[in-house]
Amino acid sequence: MTIDYKITLDDNHEFNYRVELDRSYDPLQAGEAPRWTRLEHEQCSNCPLNKDLHDHCPAAVDLYRVIEDFRGLPAFQKAKVRVITPEREYYKEVSLETGLRSLLGVLMATSACPMLCRLKPMAQQHLPFASNQEFILRTVSLYLMRQYYNLREGRHADWELKGLIKNYQQLQLVNQAFWQRILATCEGDSNLKAFLSFFSMASSVSYSLEAQLSKLRPLVMSSSSEYGLL
């Protein structure tokens, strides 16, 4: 399964990326990566990888080409972004920050990072340019579906979402370390703001999930939704 991104800034600047969702770590690509992608450089405090066995951060290796392509460009610059998934095609004219947030997010979630791979189910149902409300709705829905299958298969079902909050608290540690990793290498603000926007959405799960769910209550508790009507 692949997702294709085409980001067009003007007639002379078009960038194309193909994201393989089931890709594995590529040592050859890592060998070409810059120094800031090495595992020991701002390694996450909860990273389970051993730097003696892994030279580079898997997520950083997947991201560095995109970061270098847009280094020095302002976040507010307009871009035409086309996203092609196996099911459908999306197109939107957005700020470069918004387009990059979507691309960087799916790259991180499908990397070989043992922490970020928890987001892979979200990437497999990729929704480009998602709002924070859409992000929360999809995150919680997928987690609750997993609890349903846990219950059916005789395992503990976490209906109170405690495990979800704990998972995102761990991802917050990854986000904080990754921010420090790319802070020095990003000369412009397009990459930085895209990462910050992505991290802010993720932090809303660990820090303000109850508040976010309160905003969604009118959507799921309307009279039509109660009876499963559209």
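The first residue in the sequence is number 1, and the count goes up from there. Keep in mind that what you see is a predicted model, and the values were worked out from it rather than measured.
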Novice: I'd like to know if Leu49 and Leu107 are part of one continuous hydrophobic network [Ile/Leu/Val/Met/Phe/Trp/Tyr, side-chain heavy atoms within less than 4.5 Å].
Specialist: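 Different hydrophobic clusters.
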
Novice: Check Val94 against Gly99 and note the closest heavy-atom contact, atom names and distance.
Specialist: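 Answer, listing the atom of Val94 first, then Gly99: CG2-N, 3.8 Å.
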
Novice: Counting N and O atoms only, with roles assigned by atom type, does the side chain of Lys120 sit under 3.5 Å from a partner on the main chain of Leu21, one being a donor and the other an acceptor?
Specialist: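 Judged by distance alone, yes, a pair lies under 3.5 Å.
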
Novice: Output, in order, the C-alpha distance, side-chain angles, deciding distance and verdict of side chain to side chain contact (heavy atoms under 4.5 Å, CB included) for Phe76 and Lys193.
Specialist: CA-CA 10 Å; Phe76 57 79; Lys193 287 199 172 182; over 6 Å; no

Novice: Does Phe129, at its CZ atom, have more than 12 non-hydrogen atoms belonging to other residues, nucleotides or ligands within less than 6.0 Å?
Specialist: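 Yes - once you tally the heavy atoms of other residues, nucleotides and ligands closer than 6.0 Å, there are more than 12.
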
Novice: Would you say Lys78 and Glu93 make side-chain contact, with heavy atoms under 4.5 Å?
Specialist: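 SC-SC contact between Lys78 and Glu93 ruled out.
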
Novice: Can you confirm whether Glu87 is buried at CD, in the sense that more than 12 heavy atoms of other residues, nucleotides or ligands lie under 6.0 Å from that atom?
Specialist: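 For Glu87, atom CD is crowded (more than 12 foreign heavy atoms under 6.0 Å).
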
Novice: Rounded to the nearest 0.5 Å, how far apart are NZ of Lys6 and NZ of Lys80?
Specialist: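 Between atom NZ of Lys6 and atom NZ of Lys80 there are 11.5 Å.
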
Novice: Any chance you could measure Gln169, atom CD, to Ser206, atom OG, to the nearest 0.5 Å?
Specialist: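 Going from CD on Gln169 over to OG on Ser206, the span is 6.0 Å.
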
Novice: Can you give me the closest heavy-atom contact between Glu32 and Arg65, atom names plus distance?
Specialist: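 Distance-wise, the nearest heavy atoms are OE1-NH2, 2.8 Å.
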
Novice: Hey, is CD on Glu210 packed in by over 12 heavy atoms from elsewhere, all under 6.0 Å?
Specialist: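 12 or below, so no.
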
Novice: Give, for atom OG1 of Thr85 and atom CE of Met1, the distance between the pair rounded to the nearest 0.5 Å.
Specialist: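 That separation rounds to 6.0 Å.
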
Novice: Quick one: does Asp158's side chain get under 4.5 Å of Tyr143's, heavy atoms only?
Specialist: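 Of all side-chain heavy-atom pairs linking Tyr143 with Asp158, at least one is under 4.5 Å.
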
Novice: Using side chain to side chain contact (heavy atoms under 4.5 Å, CB included), reason through Trp159 and Leu151 one step at a time and then give a plain yes or no.
Specialist: CA-CA 10 Å; Trp159 302 118; Leu151 181 66; 3.9 Å; yes

Novice: Between Tyr168 and Phe135, what is the ring plane arrangement, given parallel below 30°, perpendicular above 60°, and tilted in between?
Specialist: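 Correct class here is perpendicular.
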
Novice: State the CG-SG distance between Asn175 and Cys44, to the nearest 0.5 angstrom.
Specialist: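 Atom-to-atom, Asn175:CG and Cys44:SG are 8.5 Å apart.
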
Novice: Taking the side chain as every heavy atom from C-beta outward, state whether Cys57 and Arg181 have any atom pair closer than 4.5 Å.
Specialist: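 Side chain of Cys57 against side chain of Arg181, heavy atoms only: contact under 4.5 Å found.
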
Novice: May I ask you to check whether Phe195 and Phe178 place their ring centers less than 6.0 Å from one another?
Specialist: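 That pair passes the under 6.0 Å test.
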
Novice: Under 30°, 30 to 60°, or over 60°: which ring-plane class applies to Tyr17 and Phe70, parallel, tilted or perpendicular?
Specialist: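 Tilted.
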
Novice: What do you reckon, is CZ of Arg118 surrounded by more than 12 foreign heavy atoms closer than 6.0 Å?
Specialist: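 Result for CZ/Arg118: enclosed.
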
Novice: When you check the gap from the basic side-chain N to the acidic O, do Arg82 and Glu89 get nearer than 4.0 Å?
Specialist: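 Result for this pair is yes, salt bridge flagged.
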
Novice: So, do His13 and Asp69 sit near enough that their side-chain heavy atoms are less than 4.5 Å apart?
Specialist: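 No, too far: nothing below the 4.5 Å cut-off.
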
Novice: Identify the two heavy atoms, one from Ala59 and one from Cys113, that lie closest to each other, and give their separation to 0.1 Å.
Specialist: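 In this case the closest contact between Ala59 and Cys113 is CB-CB, 4.4 Å.
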
Novice: Where do Ala194 and Leu104 come nearest, in terms of heavy atoms and distance?
Specialist: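 Looking at all heavy atoms of both residues, the closest pair is CB-CD1, 4.0 Å.
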
Novice: Can you find a heavy atom in the side chain of Leu171 that is under 4.5 Å from one in the side chain of Leu119?
Specialist: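 Yes, at least one pair of side-chain atoms sits under 4.5 Å.
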
Novice: Is any side-chain heavy atom of Tyr90 closer than 4.5 Å to a side-chain heavy atom of Tyr5?
Specialist: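 SC-SC contact between Tyr90 and Tyr5 ruled out.
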
Novice: Just wondering, do Ile136 and Leu213 contact through their side chains at under 4.5 Å, heavy atoms?
Specialist: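 Leu213 reaches Ile136 side chain to side chain.
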
Novice: Please confirm whether the backbone N or O of Arg138 pairs with a side-chain atom of Ser141, one donor and one acceptor, at under 3.5 Å?
Specialist: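 The answer is no, because no donor-acceptor pair under 3.5 Å joins these two groups.
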
Novice: For the CD atom on Gln125, are there more than 12 heavy atoms of other groups (residues, nucleotides or ligands in this structure) within a distance under 6.0 Å?
Specialist: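 Counting other residues, nucleotides and ligands, CD of Gln125 stays at 12 neighbours or fewer.
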
Novice: If Ile, Leu, Val, Met, Phe, Trp and Tyr residues are connected whenever their side-chain heavy atoms lie under 4.5 Å apart, and connections chain through other members, are Met108 and Val83 in the same group?
Specialist: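 Same cluster.
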
Novice: Decide yes or no on side chain to side chain contact (heavy atoms under 4.5 Å, CB included) for Thr110 and Ile3, but give the supporting numbers first.
Specialist: CA-CA 11 Å; Thr110 55; Ile3 297 177; over 6 Å; no

Novice: To the nearest 0.5 Å, what is the distance between CZ (Phe198) and OG (Ser203)?
Specialist: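 Answer for the CZ-OG pair, Phe198 versus Ser203, is 10.5 Å.
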
Novice: What pair of heavy atoms forms the shortest contact from Arg101 to Ala130, and how long is it?
Specialist: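 Arg101 and Ala130 have their closest heavy atoms at NH2-O, 2.8 Å.
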
Novice: Does Tyr207 share a hydrophobic cluster with Leu137, counting links as ILVMFWY side-chain heavy atoms below 4.5 Å and allowing steps through other members?
Specialist: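 No, separate clusters.
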
Novice: Do the non-hydrogen side-chain atoms of Arg23 and Asp62 ever get within less than 4.5 Å of each other?
Specialist: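 With C-beta onward as the side chain, the pair touches.
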
Novice: Would you compute the distance between atom CZ of Arg35 and atom NE2 of His56 and round it to the nearest 0.5 angstrom?
Specialist: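 Spacing of CZ (Arg35) from NE2 (His56) equals 9.5 Å.
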
Novice: Hydrophobic cluster membership, with links at side-chain heavy-atom distances under 4.5 Å among I/L/V/M/F/W/Y: are Val19 and Tyr25 in one?
Specialist: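 Each belongs to a different hydrophobic cluster.
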
Novice: Under a 4.5 Å side-chain heavy-atom rule over Ile, Leu, Val, Met, Phe, Trp and Tyr, are Leu96 and Leu63 clustered together?
Specialist: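 Yes: a chain of side-chain contacts under 4.5 Å links Leu96 to Leu63.
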
Novice: If you look at every heavy atom in Ser131 and Met201, which pair is closest and at what distance?
Specialist: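 Distance-wise, the nearest heavy atoms are O-CE, 3.5 Å.
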
Novice: Go through the steps for Gln170 and Val174 under the test side chain to side chain contact (heavy atoms under 4.5 Å, CB included), then give the verdict.
Specialist: CA-CA 7 Å; Gln170 291 297 308; Val174 176; over 6 Å; no

